[in-house]
Amino acid sequence: MIGWEIMKNNNAITLFGGTGDLTYRKLLPALYNLDVLGKLDDNFKIIVIGRRAYAPADYIKIAREWIKEHARTKFDEEQFSSYARRIIYFKMDMTNEEEYRILQTFYTLMGIDQHIYYYAVAPSFFITITNGLKKYCANNNAKVIIEKPFGEDLEKASILNDSLADFFGQHEIYHIDHYLGKEMIQNILSLRFKNVIFKGIWNKDFIENIQITAAETVGVGTRAGYYDKNGALKDMVQNHLLQVLSIVAMEEPIEDNSTEIHNSQYNLLSAIKPVEDTNTNLVMAQYNGYLNEKNIQPNSKTETYAALKLFIDNERWENVPFFIRTGKKMGDRETQVVVQFKAVGDTPGNVLIIKIQPDEGVYFQFNAKKPGTEQELQQISLDFCQSCILENRINTPEAYERLLDACLKGDRALFSQWDQIVVSWQFVNNLLDKYHKQGSPLYRYEQGSMGPEEANKLVEWIN
Ligand code: BG6
């Protein structure tokens, strides 16, 4: 593990995409939270790269408003003034290699010798930035954090990876998947492996099926240009939902360290059976009105909803269906994992729901005798709402905060790995190829609904 705990020199994070949504909405507020919690080194600087000519005070003024609105910790003027002293707005055109020479001169003048580069930009800029850094900033001790999507398919992802690997060591590349920073996704490990009641029954003998859902109420917003080229499978399934699946279904890591957790995740992802028939195992759909959204191609066939059924080729999960579904502009915002246990005779099986967002918690449904009757059963439940407890809310870092903190400490457990990205792309590329070759349909659904009717035929969802 390469940590920076011992680092007493000037260290900095450079945010490429400093005037973008991600920086304003997530990164600056997350770093503010870390500052409030005393987790940033005294010398730590935040260098924000943007093309626009902002006077430093003007940029700080903008950042202030975003932080006020989005930081988890309470906004405090004094605290913000001290935080703002870390922020340096650096105007440059990141597509012009020569400007990296000036950037390096600036780093040298500042005496910064430990770097995190954060690529908070569209993937088409990843290689450009890396080339600029390679040319003029090659001697820096640096880590790089890369946003998803990593490539648009396996081929493009490999080209990207080669370009990065030419400059950064694999241990210096942090592939961020913000779902891995979510509290309840981390909690799946504890629920599965630290409870004897679940540990022993987490397999095909006791589990009927597992459903992973990420339903969003938002549409494509201002990201139409990106989204329309990708769609739900590439935007949500290839990364976030396959990562969740890997944690839900992997074998217990042989040791509790990031390498072994990654190995288990990788083994699981490699064992997903390719989907053969996309007419019966995949439902793709687009919400009505999508084509009228700004910057969407008039005849776009991009899916804003995907539901699929898959199987895992190992002993633990033989013949157990896993259902994954995600969609935009749906009736409710709800991300959760539902574990449906087998029925005992005619008695309904137990249900475990791991609630990831917006509420965080665990729900368990089981059977008991109805009071006052002789044999009649009823389903009762235990419902633990973690996020209802104020103290938990205060103490729970947001995903980006947790992940930035982990990167500063050199803890790679919460990041996805190149080999996982490869197998995830293989699965999704194969799925899309089959979908197009088999001429499977693109269904429609109403905004505010829970997706197309056809998805109900594919799965026995428990809503
Ligand atoms: C992003 C996707 O990675 O995750 C977005 O690109 C999606 O399209 C978002 O809206 C969902 O994140 P969360 O944390 O709101 O579930």
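Atoms within a ligand are numbered from 1 in the order they appear, just like the ligands themselves. Predicted model, so just to flag it, every value in this text is computed and none were measured. In this chain, residues are counted from 1 in sequence order.
Within 4.0 Å of ligand 1, protein heavy atoms come from Lys148, His178, Tyr179, Lys182, Glu216, Arg223, Asp235, Met236, His240, Lys328, Arg333, Gln357.
Between atom OH of residue Tyr443 and atom CE of residue Met284 there is a gap of 11.5 Å, rounded to the nearest 0.5 Å.
A salt bridge does not link Asp411 to Arg402: none of the charged side-chain nitrogens sits closer than 4.0 Å to a carboxylate oxygen.
Close placement of the Trp317 and Phe322 rings is indicated, their centers lying within 6.0 Å of each other.
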Pair Ser387-Glu360, side chain to side chain donor-acceptor pair (under 3.5 Å): steps then yes or no
CA-CA 5 Å; Ser387 50; Glu360 295 175 354; 5.0 Å; no
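With a 6.0 Å radius and a threshold of 12 heavy atoms from other residues, nucleotides or ligands, Asp256 has its CG atom at or below the threshold.
Between Phe16 and Tyr117, the ring-plane angle classifies as tilted under the 30° and 60° cut-offs.
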